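Worksheet: the structure to be examined is printed underneath.
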Amino acid sequence: MGKIDPLAVVTAAQPNSRLAELIKLFPVADPPAMVRLEPDSITGDPAPGTEARLGDPAWMLGRQWQFGELTGEDAGTVVSVHVASRSLPVTAWAPLDDATGEPGAPLGEMAWRPWRPGAILEELVQDVPALGFGRGLRQRAEAGAQLVDLLVDAGAPEVAAALVARHPLALEPDPNDPDGTLDTKVGRLFAVLGGALPDGLAIAEELAAGEPDWVSGADDADAVRAAASDWLDWFQGAPDSGGAWSVDRLEYRFALRFGDDDHAIVARGTQFGSAEVRWSDLEWVERAGGQVPDGSADGTPVDTEATMLAAPLRYPAMPADRYWQLEDGAIDLGAIEAQPHDLARICLVEFAMSSGDDWLSVPVDGLLGAVNQITRVELTDDFGDSSELTELVDERFTMFKLASATGRMLPGVVLPPVAAGTLVGDAFEEVLFLRDEMANMAWAIEQTVQGPSGDPRSRASEPPPAPDRWPTGLGPEELVYRLQSRVPAHWIPLVPISTAPGQVSLRKGALLRDGEPVLPTGVTLEPTPLTFPGEEIPREGVHLRAVPVLARRADGRYVRWTAYRVRTGRGEASSRLAWDSALATTQMRHFDR
């Protein structure tokens, strides 16, 4: 359907002599008529009309010349790329302290630990042995069952039966749950496991002190000794793991060493508290080395060469390189919103629209757990000529490379030796660090701890502190002086102190209850003294979780460890802690809630 102006049609197509008659037929004052346009084919075949044939082929050639498609270049097209690369494997690692863990600080002589072949970075760096899996009843029973299975497989079932009577399972009392009402699983677990399995934690402590008589006095002492040794290694975990967790900074700090003595490269990881180590968490430490410890992985450089076909770089909505080729309409690069100061986005769009079709994509396999460097790139065109490319080094613009404290870029790409995937269990310990501006202090709130059964339990379900005993016989106008209001036991105070002029830190304190300090139950807040720099606990707070982690190495073996996970908190807290209060009798009930 369309609108047609009949006067314009008549004026263009009819003689002037018939104009008056047509005006009478189509009065100008009347609205334009609506007519239906129907396509009509003279020959009965609509194919020539839909082909949109051009009667002048020179017009097509002119448009191609106008857009530069007829301009020839005396150059060949790249058909193959030869790439030579070098990989420097990881050879050692070391935990860092407060002096060497700061960005830009000199490392000095490091006490490197050997990097075992096949290990992954998380099991060595993230492991916190102090958390301990062997405290709960469930974990102690599982460890004892593991040793019983090994002894039975070694042909010593009598030794396994004797261990049940020698180290029986026992319930450890919980001072915060004397009645056993908070951890309801411990009674049922003990009814099933008590008397059936030995205490794995007690056996590990006995083996660590020396060889017991049940090993040396067994009928096949060598088989029992081998089974006990393998079980103790499994129970204790990796021998060189742990030590990288900084409890006062709430982050992991470590250093990685790549290559041998002649090609040593050191990278430092600071301010890392997430689940995965990325290249952006590392910093290149220039002129750092040290002796590689015995038992480390081989650090000899691995040289590889490969020849590949040159494939053009492709991405959605990239500009077409031919005039009559249509781009992908699903993405509109021209609709990207960018402010004048948004230089990164403007440069990206400019690159995609102007130079996107001038790049080649050449995949190069990198060695996991190594510094991968490209040493030579040679191009071969369709004329058979070869040319070697030089690396475009610009310290102001680079991606996926480590930078040093001075801004220099590491020649190469670091692929950390991380796990492909991990399984994380329920948190058995959670601490929430929050600021309390009304009380002018901060709090470390123990939300979850490990109960006697070994399963996590909530400390918020513990009975609240008993209200103060107010004197009787007070009049309505009399006041009562209260030194301090009651705070739940799982709220551990962090008191501000001055560690240096103009520097305020938060140190773990303790509230008194019946003259005794209220101490934390978990392992995280166990160190004493414990001081946090003021900047480590922001206004939004910090949520710290201790979780069990299971992963698989490259050779297929399973490995487990305990790790911390750090994430943003939930904001400020209000403990309603008040000092030196003068309360009327009408306020007592309100303040004791």
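Residue numbers run from 1 in the order of the sequence given. Because the structure is predicted, anything quoted here is derived from the model rather than measured.
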Trp279 side chain reached by Leu410 side chain, heavy atoms, under 4.5 Å: no
Separation between CG of Leu147 and CG of Leu232, rounded to the nearest 0.5 Å: 9.5 Å
Nearest non-hydrogen partners of Val418 and Val277, listed with the distance: CG1-O, 3.8 Å
Flag, side chain of Glu123 to backbone of Val559, donor-acceptor distance under 3.5 Å: no
Listed partners of Lys401 passing side-chain hydrogen bond (donor to acceptor under 3.5 Å, both in side chains), at least two apart: Glu391
Partners passing ring-ring contact (aromatic ring centres under 6.0 Å, His included) against Tyr558 (at least two apart in sequence or in another chain): none
Side chain Arg140, main chain Gly454, donor-acceptor under 3.5 Å: no
Residue list, side chain to side chain contact (heavy atoms under 4.5 Å, CB included) with Thr406, at least two apart or on another chain: Glu286, Ser404, Arg408
Contacts of Arg539 that satisfy side-chain hydrogen bond (donor to acceptor under 3.5 Å, both in side chains) - sequence neighbours left out: Glu572
For Leu432 against Gly569, the heavy-atom pair lying closest together: CD1-CA, 4.3 Å
Where at least one partner belongs to residues 492-518, residue pairs that pass ring pair (Phe, Tyr, Trp, His ring centres under 6.0 Å), sequence neighbours excluded: none
Min side-chain heavy-atom separation Pro456-Val449 under 4.5 Å: no
Minimum heavy-atom distance between Leu169 and Pro198, given as atom pair plus value: CD2-O, 3.8 Å
Ion pair Arg457/Glu462, N-O distance below 4.0 Å: yes
Sidechain-backbone polar pair: Asp281 side chain, Gly269 backbone, donor-acceptor under 3.5 Å: no
Minimum-distance pair of heavy atoms, taken over all atoms of Phe400 and Val413: O-CG1, 3.9 Å
Asp248 and Thr531: CA distance, side-chain angles, deciding distance, side-chain contact (heavy atoms from CB on, under 4.5 Å) verdict: CA-CA 6 Å; Asp248 55 343; Thr531 304; 5.8 Å; no
Check: Gln373 side chain, Pro411 main-chain N or O, donor-acceptor pair, under 3.5 Å: yes
Under 3.5 Å: donor-acceptor pair, side chain of Thr91, backbone of Arg257: yes
Results of side-chain hydrogen bond (donor to acceptor under 3.5 Å, both in side chains) for Asp149 - residues two or more places apart only: none
From CG (Leu402) to CE (Met409), nearest 0.5 Å: 9.0 Å
Candidate pair Glu122 and Val549, rule side-chain contact (heavy atoms from CB on, under 4.5 Å), full reasoning: CA-CA 9 Å; Glu122 293 90 343; Val549 186; over 6 Å; no
Side chains of Val414 and Trp284 in contact at under 4.5 Å (non-hydrogen atoms): no
Verdict with reasoning, Phe254 to Leu282, per side-chain contact (heavy atoms from CB on, under 4.5 Å): CA-CA 9 Å; Phe254 62 94; Leu282 302 177; 4.0 Å; yes
Minimum-distance pair of heavy atoms, taken over all atoms of Ala370 and Pro89: CB-CA, 3.7 Å
Heavy-atom side-chain contact between Leu367 and Leu415 under 4.5 Å: no
Distance (rounded to the nearest 0.5 Å) between Glu540 CD and Arg435 CZ: 10.0 Å
Sequence-distant partners of Ser229, side chain to side chain contact (heavy atoms under 4.5 Å, CB included), two or more places apart: Asp233
By side chain to side chain contact (heavy atoms under 4.5 Å, CB included) - contacts of Asp555 (at least two apart): Arg553, Arg557
Leu121 vs Val90 side-chain heavy atoms within contact, under 4.5 Å: no
Lys185 side chain vs Gly451 backbone, donor-acceptor pair below 3.5 Å: no
For the student: nearest non-hydrogen atoms of Leu88 and His263, plus distance: CD1-O, 3.7 Å
Side chain to side chain, Leu171 and Val186, heavy atoms closer than 4.5 Å: yes
Selection residues 515-537 - residue pairs positive for salt bridge (Lys or Arg N to Asp or Glu O under 4.0 Å), sequence neighbours left out: Arg249-Glu535, Arg249-Glu536
Separation between CG of Asp436 and CE of Met441, rounded to the nearest 0.5 Å: 7.5 Å
Side-chain donor/acceptor of Thr448 to backbone N/O of Glu430, under 3.5 Å: no
Side chain to side chain contact (heavy atoms under 4.5 Å, CB included) against Val487, all qualifying residues, sequence neighbours excluded: Trp443, Trp491, Leu511, Leu577
Under 3.5 Å: donor-acceptor pair, side chain of Glu446, backbone of Thr521: yes
Trp115 vs Leu124 side-chain heavy atoms within contact, under 4.5 Å: yes
With sequence neighbours excluded, residues passing side-chain hydrogen bond (donor to acceptor under 3.5 Å, both in side chains) with Asp426: none
Residues forming a ring-ring contact (aromatic ring centres under 6.0 Å, His included) with Phe433, sequence neighbours excluded: Phe532
Gap separating the CG atom of Leu423 from the CZ atom of Arg552, nearest 0.5 angstrom: 9.5 Å
Side chain to side chain, Arg113 and Pro95, heavy atoms closer than 4.5 Å: yes
Geometric class of the Trp234/Trp231 ring pair [parallel <30°, tilted 30-60°, perpendicular >60°]: tilted
Val542 and Val566: CA distance, side-chain angles, deciding distance, side-chain contact (heavy atoms from CB on, under 4.5 Å) verdict: CA-CA 7 Å; Val542 177; Val566 182; 3.7 Å; yes
Polar side-chain atom of Arg345 near backbone of Glu337 as donor-acceptor pair, under 3.5 Å: yes
Asp183 side chain to Ser453 backbone, donor-acceptor under 3.5 Å: yes
Spatial distance of atom CD (Gln450) from atom CD (Glu429) [nearest 0.5 Å]: 8.0 Å
